[in-house]
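Naming convention: chains lettered A, B, ... in sequence-line order (proteins, then strands); numbering from 1 in each chain.
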Amino acid sequence: MLQQTPVNRVIPRLAEWLERWPTPGDLAAVPPGEAVRAWATLGYPRRALWLHSAAVEITQRHGGVVPSDIDELLALSGIGDYTARAVAAFAYGLRHPVVDTNTRRVIARAVAGQAEPAPPSRTRDLDAMGALLPLPRGDAAIFNAGMMELGAVVCTAKNPRCGDCPIQSSCAWRLAGYPAYSGPRKAVQKKFEGSDRQVRGLIMAELRATHHPVTDAEITGLWPDPAQRDRALAELRATHHPVTDAEITGLWPDPAQRDRALAGLLADGLAVATGPGRYTLPHE
DNA sequence: AAGTCGTGGAC
DNA sequence: TGTCCAAGACT
């Protein structure tokens, strides 16, 4: 749940989730669509599918007990370098470097003296954090958590609170005079409005809300949101005179976009076809 | 290995 | 307002 999702948004959903499915076996016993439905609006619904798969794998391969071995964790669906080491370090107290986006930023600033970290690099990131990790196992777990917390609360991406930082006196970035970032620009993310991702989200919301197969016609009716279309039309009228047919048509979805979004969801297993033009959440 | 994948708060 | 970005993983 925490992958690319703010902690404060996860906490209440996690509480509900663990009340309903306290163990991997409990989650593995329900259809994957139930996990996707309970995931609700957390975003990236593939993670719900992967979490369910991981629960099945843990039940089948590990007797229902979450493994503590890094390689066994990495072999689980949806578990990558960050999550595997977070489980080993925080749940089992083992001495492994845990590197998330916060840790990467703190190391870039406090150690390397740069405003922003270079793009993530598995080997380099784990080596850098491994070199900082205290030797005692208990201390290593606390240090991992402390680096993440420092980055999340003080050494933030925007407007870092350097005056409140507990390690300001030894921060390489501060000692260097806060030099500006000079590395490669991060890729600008595409606009969400009108994107395939938005259409996927609308389709998923419909699949979660209905307990009967959703039809092609219903999906086609989902986009664009009338209010959104009206805002776009009003904006168009305010800036252009007169509005052309082509501009108005541009406010409606490309029919191919609905097909792309739906095909993607089917390919990801987030939706399944139960008949010609009828779709539901996955039931096995 | 660069693209893709949701959602919503902050500024 | 639009832009950034948030405990990443997968292909």
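Residue Gln3(A) places at least one side-chain N or O closer than 4.0 Å to OP1 or OP2 of dA9(C). For Thr83(A), a side-chain nitrogen or oxygen approaches OP1 or OP2 of dA9(C) to under 4.0 Å.
Taking 4.5 Å as the limit, some side-chain heavy atom of Val98(A) sits within range of a side-chain heavy atom of Phe90(A). Proximity of Thr5(A) to Arg47(A): side-chain heavy atoms (C-beta onward) are separated by under 4.5 Å at one or more points. Within the 4.5 Å cutoff, no side-chain heavy atoms of Met147(A) are placed close to those of Asn144(A).
Comparing dG6(B) with dT1(C), their P atoms sit 26 Å apart, to the nearest whole Å. The P atoms of dC5(B) and dA7(C) are separated by 22 Å, rounded to the nearest whole Å. Distance noted for atom P between dA9(C) and dG8(B): 22 Å (whole Å).
Heavy atoms of Gly80(A) sit under 4.0 angstrom from primed sugar atoms or phosphate atoms, though from no base atom. The residue Asp81(A) sits close only to the backbone: its heavy atoms come under 4.0 Å of sugar-phosphate atoms, none of a base. Nucleic acid contact class of Ile79(A) (heavy atoms, under 4.0 Å, all strands): sugar-phosphate only. At the heavy-atom level, Pro45(A) lies under 4.0 Å from the strands shown only through sugar-phosphate atoms.
What separates CG of Asp196(A) from C1' of dT7(B) is a distance of 16 Å, to the nearest Å.
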Taking only distance into account, with no hydrogens and no angle test, what donor-acceptor pairs under 3.5 Å do side-chain atoms of residues 262-270 of chain A form with protein atoms, sequence neighbours excluded?
unit_1	atom_1	unit_2	atom_2	d
Asp268(A)	OD2	Arg200(A)	NH1	3.2
Asp268(A)	OD2	Arg200(A)	NH2	2.9

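Of the two residues contacting DNA chain B, namely Arg200(A) and Ala187(A), the nearest-nucleotide position lying further toward the 5' end is that of Ala187(A).
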Close N/O contacts between protein and nucleotides 3-6 of chain C (under 3.5 Å):
unit_1	atom_1	unit_2	atom_2	d
dC5(C)	N4	Gln189(A)	NE2	2.5

Dump the intermediate steps for side chain to side chain contact (heavy atoms under 4.5 Å, CB included) on Leu150(A) and Cys165(A), then the final yes or no.
CA-CA 8 Å; Leu150(A) 184 61; Cys165(A) 183; 4.2 Å; yes
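Surrounding CZ of Arg137(A) are at most 12 heavy atoms belonging to other residues, nucleotides or ligands under 6.0 Å away.
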